[in-house]
Colleague: 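Structure provided below as structure tokens; questions to follow.
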2 protein chains.
Amino acid sequence: MIDDRSKGDVARAEIMDAARQLFLLQGYNGTSMRAIAQAAGNRAVAGLYNHFPTKEAIFRALIEEQNPYGALLGILNNAQGETAEAYIRSALTDILIVMPQYYDFFQLALIDLREFEGRHVAQVLSEKVFPQVIGVIVRLQALPGLKPLDGVVLVRLMASLVVGYIVTRNIAPGMTFEQLPHEVWSRQFIDALLYGIMDDDARE
Amino acid sequence: MIDDRSKGDVARAEIMDAARQLFLLQGYNGTSMRAIAQAAGNRAVAGLYNHFPTKEAIFRALIEEQNPYGALLGILNNAQGETAEAYIRSALTDILIVMPQYYDFFQLALIDLREFEGRHVAQVLSEKVFPQVIGVIVRLQALPGLKPLDGVVLVRLMASLVVGYIVTRNIAPGMTFEQLPHEVWSRQFIDALLYGIMDDDARE
DNA sequence: GTCTATAGTTAGATAGAC
DNA sequence: GTCTATCTAACTATAGAC
């Protein structure tokens, strides 16, 4: 066999792929099991129930298996730097490249927030992400150069930077945000986080 | 009459109020016209169609009539300050207090993004908000103290700050973000935007 | 402008043959 | 594991009396 996955695994993957596309296009309640079955290789609706007990189970599987947390933690753990500035520049530069590639997931997370009060995302976040992020922050604060900020402040500021970057990139209708290339925007955002937007000799 | 609104206006308001609550709780496709009619004073479904031609028209009316743009522009136009720092502190302090009060609207905007590709929000943004914001930025850049940043960079940084603040406040499940009071968080965010997170004498 | 009643459609999920 | 056929419930929207 060319593909060593079982027939069932292939079907499962096709169903999830079709469901993801339709959820993103039409929302959760706007997507019917019929539509998913048809998009997943013209299957019969009943066949879907061999792989997932309910429609919600398909959605939950998407959140659990296609999230960017592994990539995010990989970047945080592998970023190099002898100073806090070098580490943050290295990590955020990569994060601002990689996270927007998971825009589909962020859209699914918004659906989760609306349709399920965020419970699927929250479970993965609290189980897999937060514990590891704490360790990263401790290591970051041991590097020289940071203002004496509370760790939780540091986490929220960096998370806000990434979230704000992604949201403003996709929300502004026909705005000029796309006229500058990503590298310029990334640099501007990181510089602003590190040193702010005020002139140095204007400090009051 | 105690209320000088016509009977029709009262019904319209009740319908919109019920629809908003249900859209926020259950999403757009998850909310039926039946449920709206029942929540709006146990009305008959057919009565809704005297006030709105379709279900989408109810949603559009919510976006158009309950958005925070008037409040936002009011703050930007009324903020005082002889320097850029004073103006930004004044404006952002107010914005970070007022905008989270419109969290319901942001949630409706997310629904718009998912169900209607953001077309209702984008229309209001491009017609009413962007033209006025340009004027504010020009005035801000005439004040002393700013680094020589492109106006569009300034807009996106400030928008990201506000969006990131609101999103991280409501997404993190049971996280410690609520353990510090709003005033502290607001101050931390504004300070970070103005002067960054690096120690002054650590600049490389 | 409100109601009752209902038309016409589509939803999620299941039964049972293969 | 896949299919055809179907159940029951819910949906948006309309007709027509008051």
Side-chain angles (χ1 to χ4, degrees), chain A residues 1-63 108 111-112 114-116 119-120, chain B residues 1-63 111-112 114-116 120:
Chain A
M1 279 176 66
I2 296 176
D3 193 332
D4 64 350
R5 294 179 300 179
S6 75
K7 193 175 168 188
D9 286 345
V10 173
R12 182 188 152 94
E14 284 181 4
I15 293 167
M16 285 179 65
D17 204 49
R20 179 176 45 74
Q21 293 184 39
L22 290 170
F23 287 156
L24 292 175
L25 278 174
Q26 306 168 351
Y28 179 79
N29 281 298
T31 299
S32 67
M33 293 294 273
R34 278 175 173 75
I36 296 173
Q38 188 177 5
N42 248 312
R43 288 185 148 70
V45 179
L48 271 56
Y49 289 90
N50 292 321
H51 302 274
F52 302 94
T54 63
K55 184 178 164 186
E56 181 175 344
I58 302 178
F59 183 79
R60 179 170 51 246
L62 286 171
I63 295 288
L108 288 177
I111 292 176
D112 187 45
R114 284 260 47 81
E115 305 293 343
F116 305 106
R119 92 176 76 101
H120 303 111
Chain B
M1 280 175 65
I2 295 176
D3 193 332
D4 64 351
R5 294 179 301 179
S6 75
K7 194 172 167 190
D9 286 343
V10 173
R12 184 188 151 92
E14 283 180 4
I15 292 167
M16 286 179 63
D17 204 50
R20 180 176 45 73
Q21 293 184 40
L22 289 170
F23 287 156
L24 292 174
L25 277 173
Q26 306 168 350
Y28 180 79
N29 280 297
T31 299
S32 68
M33 292 295 272
R34 277 178 166 72
I36 297 174
Q38 187 178 5
N42 247 313
R43 288 185 149 71
V45 178
L48 271 55
Y49 290 90
N50 292 321
H51 301 275
F52 301 94
T54 63
K55 184 179 164 185
E56 181 175 344
I58 302 177
F59 183 80
R60 180 169 51 247
L62 286 172
I63 295 288
I111 292 175
D112 187 46
R114 284 257 50 81
E115 305 293 342
F116 305 107
H120 303 110

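Quick note on labels: first sequence line is chain A, next is B, and so on, each numbered from 1.
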Colleague: Please report the distance, rounded to the nearest Å, between CG in B/Leu48 and P in C/dT4.
Modeller: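 So the two atoms are 14 Å apart, to the nearest Å.
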Colleague: To the nearest Å, how far apart are B/Asn29 CG and D/dA10 P?
Modeller: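 Going from CG in B/Asn29 over to P in D/dA10 covers 17 Å.
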Colleague: Measure up the A/His120 and A/Phe59 rings against each other and bin them: parallel (under 30°), tilted (30 to 60°), perpendicular (over 60°).
Modeller: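 Answer is perpendicular, since the angle exceeds 60°.
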Colleague: Could you tell me how far apart B/Phe59 (CZ) and D/dT12 (P) are, to the nearest whole angstrom?
Modeller: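 Interatomic distance, CZ of B/Phe59 to P of D/dT12: 15 Å.
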Colleague: May I ask you to say whether A/Arg12 pairs ionically with A/Asp9, meaning some side-chain N is under 4.0 Å from a carboxylate O?
Modeller: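 The answer is no: the pair does not qualify as a salt bridge.
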Colleague: Tell me: CG of A/Asn50 to P of D/dG1, nearest whole Å?
Modeller: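 To the nearest whole Å, that distance equals 6 Å.
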Colleague: Does NZ or CZ of B/Lys55 come closer than 6.0 Å to the centre of the six-membered ring of B/Tyr28, within 45° of the ring's axis?
Modeller: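 Pair B/Lys55/B/Tyr28 counts as cation-pi.
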Colleague: Mind listing the closest non-hydrogen atom pair of B/Ala11 and B/Arg43 along with its distance?
Modeller: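 For B/Ala11 versus B/Arg43, the nearest heavy atoms are CB-NH2, 3.1 Å.
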Colleague: Where the side chain of B/Ala46 is concerned, which of D/dT4, C/dT4, D/dT12 is the nearest nucleotide?
Modeller: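 Selected nucleotide (nearest to the side chain): C/dT4.
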Colleague: From C-beta outward on A/His51, which listed nucleotide comes closest to its side chain: C/dA13, C/dT2, D/dG1?
Modeller: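 When the side chain of A/His51 is considered, D/dG1 is the closest of C/dA13, C/dT2, D/dG1.
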Colleague: Side chain of A/Tyr49 only, please: which of D/dC3, C/dG12, D/dA15 is the nearest?
Modeller: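 The answer is C/dG12, which lies nearest to the side chain.
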Colleague: Which residues, if any, of residues 31-42 of chain B bring a heavy atom under 4.0 Å of DNA chain C?
Modeller: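 DNA chain C contact set from residues 31-42 of chain B: none.
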